[in-house]
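Report on the following structure.
Here, residue 1 is the first one in the sequence, and each next residue gets the next number. One-based numbering, in listed order, for ligands and for the atoms of each. The model shown is predicted, which means the values in this text are computed figures rather than measured ones.
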Amino acid sequence: MRKVLFVTGNNGKFREAKDILANKGIEVLQETGGYPEIQEDDLEPIAAYGAKWASEELKMPVMVDDSGLFIWALNGFPGPYSAFVEERLGNQKTLKLMEGESNRRATFKSVIGYCEPGEEAFVFTGTVEGQIAYEERGTGGFGYDPIFEYQGQTFGEMEDEEKNKVSHRRRALDKFFEWLE
Ligand code: ITT
């Protein structure tokens, strides 16, 4: 069985990637050591830099996942700052920013970075289009899941298995898997 080391401190991301790739015969192991996140407007260079840095540091092939929620009415905010905003503001205050806003469109994006020591990193992007809900709904998933609505249900209202069929992460991991094959 092929094994991939996933460098992430986010247990929600790890659980999802583990389930998605297990279905494809790949075992995912977690490394929580982290990597420096450079400041960029796009997630791709952040994931590429992180994967390259971690693969040199650990002297092993690694994958990372840099993700973010891009809210259209907020000109793409929080985007690359999603972790900071989730930690400092949380879902309730993010919803407050959206008060009185009728354009609820949002894009969830995940960029998988993969790198082998001494090589350049490859990146694989997955996105899913949805809406920002008017209130938090559901206790499943993690992070922004209770406020991200996809076809009438928030990701927080879905079982992991359902979310993993349609999520940004699933779409990015599908591309990564195809490339590995
Ligand atoms: P790493 O250690 O992997 O960097 P992180 O939590 O800092 O973990 P990011 O920098 O990629 O991750 O920040 C993304 C933010 O978006 C973070 O707050 C996540 O919890 C949140 N997020 C990412 N994917 C999500 C998903 O599928 N559902 C809900 N929230 C998600």
Side-chain angles (χ1 to χ4, degrees), residues 4-21 28-55 57-58 62-71 74 76-95 97 106-115 121 123-133 136-150 153-174 176:
V4 177
L5 191 62
F6 184 8
V7 182
T8 180
N10 185 316
N11 295 329
K13 284 184 188 176
F14 172 65
R15 190 182 63 237
E16 290 180 7
K18 190 175 160 69
D19 289 349
I20 292 167
L21 290 176
V28 181
L29 306 169
Q30 187 177 16
E31 159 63 49
T32 54
Y35 55 87
E37 287 198 21
I38 55 170
Q39 223 176 62
E40 290 277 353
D41 289 342
D42 293 325
L43 304 181
E44 283 82 357
I46 305 175
Y49 181 88
K52 173 91 182 139
W53 187 93
S55 71
E57 188 74 9
L58 298 166
V62 302
M63 70 173 244
V64 303
D65 168 334
D66 200 54
S67 25
L69 179 65
F70 296 74
I71 302 176
L74 305 179
F77 185 80
Y81 312 109
S82 292
F84 186 82
V85 168
E86 194 209 314
E87 193 187 306
R88 307 293 168 98
L89 299 183
N91 286 335
Q92 283 305 325
K93 286 193 171 146
T94 302
L95 286 179
L97 293 176
T107 306
F108 233 142
K109 181 166 167 177
S110 160
V111 180
I112 301 294
Y114 176 79
C115 194
V123 291
F124 307 90
T125 300
T127 60
V128 58
E129 300 294 330
Q131 311 275 330
I132 299 301
E136 290 190 79
R137 300 197 324 261
T139 53
F142 66 98
Y144 295 101
D145 283 342
I147 63 167
F148 184 82
E149 203 177 280
Y150 176 79
Q153 257 190 319
T154 67
F155 274 176
E157 291 174 310
M158 295 181 179
E159 298 292 330
D160 274 8
E161 207 183 314
E162 254 180 297
K163 177 186 169 188
N164 287 346
K165 281 184 194 154
V166 296
S167 73
H168 47 317
R169 182 156 300 104
R170 167 62 186 273
R171 291 171 181 174
L173 287 169
D174 276 353
F176 173 46

Within ligand 1, which atoms have a heavy atom of [X] less than 4.0 Å away?
| X | result |
| --- | --- |
| Asp66 | 9 (P), 10 (O), 11 (O) |
| Lys163 | 26 (C), 27 (O), 28 (N) |
| Thr8 | 1 (P), 2 (O), 3 (O), 8 (O) |
| Glu37 | 4 (O), 10 (O) |
| His168 | 24 (N), 25 (C), 26 (C), 27 (O) |

Give me the residue, atom name and distance of the protein heavy atom closest to [atom].
| atom | answer |
| --- | --- |
| atom 2 (O) of ligand 1 | Gly9 N, 2.8 Å |
| atom 22 (N) of ligand 1 | Phe142 CE1, 3.8 Å |
| atom 30 (N) of ligand 1 | Tyr144 N, 3.1 Å |
| atom 28 (N) of ligand 1 | Asp145 OD1, 2.6 Å |
| atom 6 (O) of ligand 1 | Asn10 ND2, 3.0 Å |
| atom 23 (C) of ligand 1 | Ser67 OG, 3.2 Å |
| atom 7 (O) of ligand 1 | Ala83 CB, 3.7 Å |
| atom 17 (C) of ligand 1 | Glu86 OE1, 3.4 Å |

Do Thr8 and Asn10 have side-chain N/O donor and acceptor atoms under 3.5 Å apart? no

We want to know whether Glu149 and Thr154 form a side-chain donor-acceptor pair, criterion being a heavy-atom distance below 3.5 angstrom.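 The criterion, which ignores hydrogens and geometry beyond distance, is not satisfied for Thr154 and Glu149.
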
Which is it for Phe6 and Leu21 under the side-chain contact (heavy atoms from CB on, under 4.5 Å) test, yes or no, and what are the steps along the way? CA-CA 11 Å; Phe6 184 8; Leu21 290 176; over 6 Å; no

Going by heavy atoms, is Phe155 under 4.0 Å from ligand 1? no

May I ask you to decide if the ring planes of Phe155 and His168 are parallel, tilted or perpendicular, using 30° and 60° as cut-offs? parallel

So that I can tick it off, tell me whether Arg15 and Asp19 are bridged by a salt bridge, with the cut-off set at under 4.0 angstrom between side-chain N and carboxylate O. no

Ion pair present between Lys165 and Glu159, side-chain N to carboxylate O less than 4.0 angstrom?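 Glu159 and Lys165: not salt-bridged.
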
Have a look at Ile147 and tell me which of Gln92, Glu136, Arg137, Gln131 forms a side-chain contact (heavy atoms from CB on, under 4.5 Å) with it.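 Testing Ile147 for a side-chain contact (heavy atoms from CB on, under 4.5 Å) against Gln92, Glu136, Arg137, Gln131 leaves exactly one candidate, Glu136.
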
Does ligand 1 have a heavy atom under 4.0 Å from the side chain of [X], from its backbone, from both, or from neither?
| X | value |
| --- | --- |
| Glu87 | neither |
| Asp65 | backbone |
| Phe148 | neither |

Taking Ala51's backbone N and O only, do any of them form a donor-acceptor pair with Tyr35's side chain (distance below 3.5 Å, no angle check)? no

Tell me which one of Phe148, Phe70, Tyr150 satisfies ring-ring contact (aromatic ring centres under 6.0 Å, His included) with Phe108.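 Among Phe148, Phe70, Tyr150, the one meeting ring-ring contact (aromatic ring centres under 6.0 Å, His included) with Phe108 is Phe148.
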
Could you give me the CA-CA distance, side-chain angles and deciding distance for Gln30 and Leu5, then say whether side-chain contact (heavy atoms from CB on, under 4.5 Å) is met? CA-CA 6 Å; Gln30 187 177 16; Leu5 191 62; over 6 Å; no

Pair Leu69, Ile132 - check side-chain contact (heavy atoms from CB on, under 4.5 Å), show working. CA-CA 10 Å; Leu69 179 65; Ile132 299 301; 4.1 Å; yes

